[in-house]
**Student:** 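After the C-alpha cells below, expect a handful of questions from me.
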Amino acid sequence: MDRRDGGLKAVHLAFCGIGLMGSAMAERLLQAGHRLTVWNRTAAKCAPLAARGAQVARTPAHAAAGAGGVLLCLMDTQAVETVVFGPDGVARGGDCPPWIVDHSTIPPDATRGLAQRLSEAGGDWLDAPVSGGIEGAAHGTLAVMVGGAPTHLEEVETVLRAYASQVTHVGKSGAGQAAKLCNQTIVATTVAAIAEAVGMARASGIDPTRLGEALAGGWADSRLLRTFLPRMAHAPDHSIGALATMLKDIDSVMTTARNRGTAMPVTASVQQLLRQAASFGLAQAELSAIVAMVWPEQLAAFRAMVGKAS
C-alpha cells in the first residue's frame, strides 16, 4: 500500500458485480486513488471503468489475484456463493483474500454460513449492505451497515469511505444484513404509503405534484417522499432500482421474521402489493411503479419504462 494526498492508503482491490450500484461505487474507489480490478458476468458493463483505469478480469479468481481485499455487489445468495466459492471463485483452492466485503443484500443466515466457510479458508467476511441508492454512491454519502469480526474493520472502513459517509459496525456476522432488512422494511412500507397518499390526493382533486410542497417541513416530509412522489406522478425515463429487487428483499424480511417469530403485518401487506405489481409486468420497473396499483392510469407509463430498459 502507498499513501496519497489527505492520508488515504491506496489499496489494490477487486470489485465483483458492476451493476448500477457497483459501477457507482467502483467509480468512487478509482477517484480515491485505489488500484482496482473489476469483474462482471456481463463484461461489457466494465468498459466505462476500464476507460478510467480499472483492470477488467476474466473471472472472479483473476480479479482477486494479488488484491488486498475483495468487494462484492451481487444480486442474490446464489450469485455471491458462486463468485466466492465456485470453480472460478475468489476463494478457490485455498487461495483466499484476507477479507471480503459483501455489499449484496442476502439473508442473514446465509451470510453466516458463507462467513464460516471463508473463515475456514483463512479469510474474514464482512457483510456490509448499503442504503442511499445510486445517487448516494455517486456522491459518497451511502450508509453502510457492517456485520462480522472487527479484525480488518479499520482498513475496510478506510476503503468504504470512498463512497460512504456513515459506516456502522452493528454486530457479529449477519448483523449487517439484518440491519439492511430493517432498512428495507422502512423503505418499502413508506413508499407504499406514499403511493396510497398519491391515490388519495388524486381522488380528492389535488395535483399529486403539489403534495410534496404542501407537506414540506411537516412530519410526513422525508427523503423518500421527495424522491418518490415526483417519480410516481411522472414515470421517469431511467430506473433507480428495480421493483423486483425490493420484492426479493421483502421476501427475505418475511422469511427472517417467521424464523425469529416477529410479527410484521404491515410489511406482509406490502409484500403482497409488490407481488401484485410484479404480476402486472412491473418487476423491472422501479419501486415508484407501485403507485400503479392505486393509480391504474400510470400502469402504461411504467410498463413503457420496462420496455426502454430492455
Side-chain angles (χ1 to χ4, degrees), residues 1 10-30 34-130 137 147-149 151-152 155-156 159-160 162-163 173-174 176-177 242 244-245 248 252:
M1 295 184 289
V11 185
H12 176 199
L13 301 166
F15 201 112
C16 297
I18 307 301
L20 293 174
M21 283 294 293
S23 60
M25 290 190 282
E27 172 68 29
R28 293 285 301 190
L29 290 169
L30 289 170
H34 296 296
R35 188 156 58 96
L36 194 64
T37 304
V38 297
W39 173 87
N40 193 66
R41 186 177 61 179
T42 305
K45 292 184 178 180
C46 298
L49 294 170
R52 291 167 174 79
Q55 298 297 310
V56 179
R58 298 184 306 275
T59 66
H62 179 218
V70 175
L71 302 114
L72 312 174
C73 191
L74 301 163
M75 182 60 191
D76 54 27
T77 304
Q78 182 177 352
V80 172
E81 184 172 14
T82 299
V83 166
V84 177
F85 297 109
D88 294 317
V90 302
R92 72 183 187 348
D95 186 12
C96 182
W99 52 261
I100 289 176
V101 168
D102 184 21
H103 290 310
S104 318
T105 299
I106 65 175
D109 290 343
T111 284
R112 283 187 283 272
L114 294 169
Q116 180 61 36
R117 289 174 66 181
L118 190 69
S119 177
E120 293 168 357
D124 279 342
W125 187 290
L126 291 169
D127 50 297
V130 305
T151 310
H152 293 95
E155 176 187 353
V156 165
V159 171
L160 301 187
Y163 44 78
S173 180
Q177 295 294 355
T245 301
K248 170 190 73 77
S252 184

**Student:** Measure from the side-chain N and O atoms of Q177 to the backbone N and O of S104, and report whether any donor-acceptor pair falls under 3.5 Å.
**Tutor:**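 Such a contact is found between Q177 side chain and S104 backbone.
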**Student:** Which pair of heavy atoms, one from C16 and one from A63, lies closest together, and at what distance?
**Tutor:**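 Residues C16 and A63, closest heavy atoms: SG-CB, 4.4 Å.
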**Student:** Closer than 3.5 angstrom, by distance alone: can the side chain of R112 be matched with the main-chain N or O of G174 as a donor-acceptor pair?
**Tutor:**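 No; zero donor-acceptor contacts below 3.5 Å.
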**Student:** Answer whether the closest heavy-atom distance between the side chains of W125 and S119 falls below 4.5 Å.
**Tutor:**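 They are not in contact (no side-chain heavy atoms under 4.5 Å apart), so the answer is no.
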**Student:** With a 4.5 Å heavy-atom cut-off, do L114 and V84 have their side chains touching?
**Tutor:**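 Side-chain contact under 4.5 Å: no.
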**Student:** The test is side chain to side chain contact (heavy atoms under 4.5 Å, CB included); show your working for D124 and I100 and say whether it passes.
**Tutor:** CA-CA 6 Å; D124 279 342; I100 289 176; over 6 Å; no
**Student:** Is there a donor-acceptor pair closer than 3.5 Å between any side-chain N or O of H34 and the backbone N or O of V11?
**Tutor:**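 It does hold such a pair.
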**Student:** Report the C-alpha distance between T37 and F15 in whole Å, list the side-chain angles of each, state the deciding distance to 0.1 Å, and finish with yes or no for side chain to side chain contact (heavy atoms under 4.5 Å, CB included).
**Tutor:** CA-CA 6 Å; T37 304; F15 201 112; over 6 Å; no
**Student:** Looking only at heavy atoms, what is the nearest atom pair of P107 and S252, with distance?
**Tutor:**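 For P107 versus S252, the nearest heavy atoms are CG-OG, 3.6 Å.
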**Student:** Give a yes or no answer on whether the side chain of K45 reaches the backbone of W39 with a donor-acceptor pair at less than 3.5 Å.
**Tutor:**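 The answer is no, because no donor-acceptor pair under 3.5 Å joins these two groups.
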**Student:** Between A67 and P98, what is the shortest heavy-atom contact and its length?
**Tutor:**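 Closest approach of A67 to P98: O-CD, 4.1 Å.
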**Student:** Quick one: side chain to side chain contact (heavy atoms under 4.5 Å, CB included) partners of T59, sequence neighbours excluded?
**Tutor:**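 Checked T59 against side chain to side chain contact (heavy atoms under 4.5 Å, CB included); matches are A61, H62, D88.
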**Student:** Identify the heavy atoms of I106 and D102 that sit nearest to each other, and give their distance.
**Tutor:**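 Closest pair (atom of I106, atom of D102, distance): CD1-OD2, 3.7 Å.
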**Student:** Does L49 form a side chain to side chain contact (heavy atoms under 4.5 Å, CB included) with I18? I'd like the steps, not just the answer.
**Tutor:** CA-CA 9 Å; L49 294 170; I18 307 301; 3.7 Å; yes
**Student:** Step by step, work out the ring-ring contact (aromatic ring centres under 6.0 Å, His included) result for H103 and Y163.
**Tutor:** CA-CA 12 Å; H103 290 310; Y163 44 78; 5.5 Å; yes
**Student:** Would you check if L71 and M25 make a side-chain contact, meaning some heavy-atom pair closer than 4.5 Å?
**Tutor:**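 L71 does not reach M25 side chain to side chain.
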**Student:** Mark yes or no for whether W99, through its side chain, and E155, through its backbone, hold a donor-acceptor pair below 3.5 Å.
**Tutor:**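 No, W99 side chain to E155 backbone: no donor-acceptor pair under 3.5 Å.
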**Student:** Sequence neighbours left out, what passes side chain to side chain contact (heavy atoms under 4.5 Å, CB included) with Q78? Give chain and number order.
**Tutor:**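 Applying side chain to side chain contact (heavy atoms under 4.5 Å, CB included) to Q78 gives D76, T82.
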**Student:** Can you check whether A24's main-chain N or O pairs, donor with acceptor, with R28's side chain at less than 3.5 Å?
**Tutor:**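 Checked: no pair found.
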**Student:** Side chains of M75 and K248: closer than 4.5 Å at any heavy-atom pair?
**Tutor:**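 Yes. Closest side-chain heavy atoms under 4.5 Å.
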**Student:** Please determine if R117 forms a cation-pi arrangement with F85, meaning its NZ or CZ atom is less than 6.0 Å from the six-membered ring centre and no more than 45° off the ring axis.
**Tutor:**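 Output yes; distance and angle both within limits.
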**Student:** Is there a donor-acceptor pair under 3.5 Å between the side chain of H12 and the backbone N or O of G66?
**Tutor:**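 Between the backbone of G66 and the side chain of H12 there is a qualifying donor-acceptor contact (under 3.5 Å).
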**Student:** Side chains of L13 and V70, heavy atoms from C-beta outward: is any pair under 4.5 Å?
**Tutor:**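 A side-chain contact is absent here, since even the closest heavy-atom pair is not under 4.5 Å.
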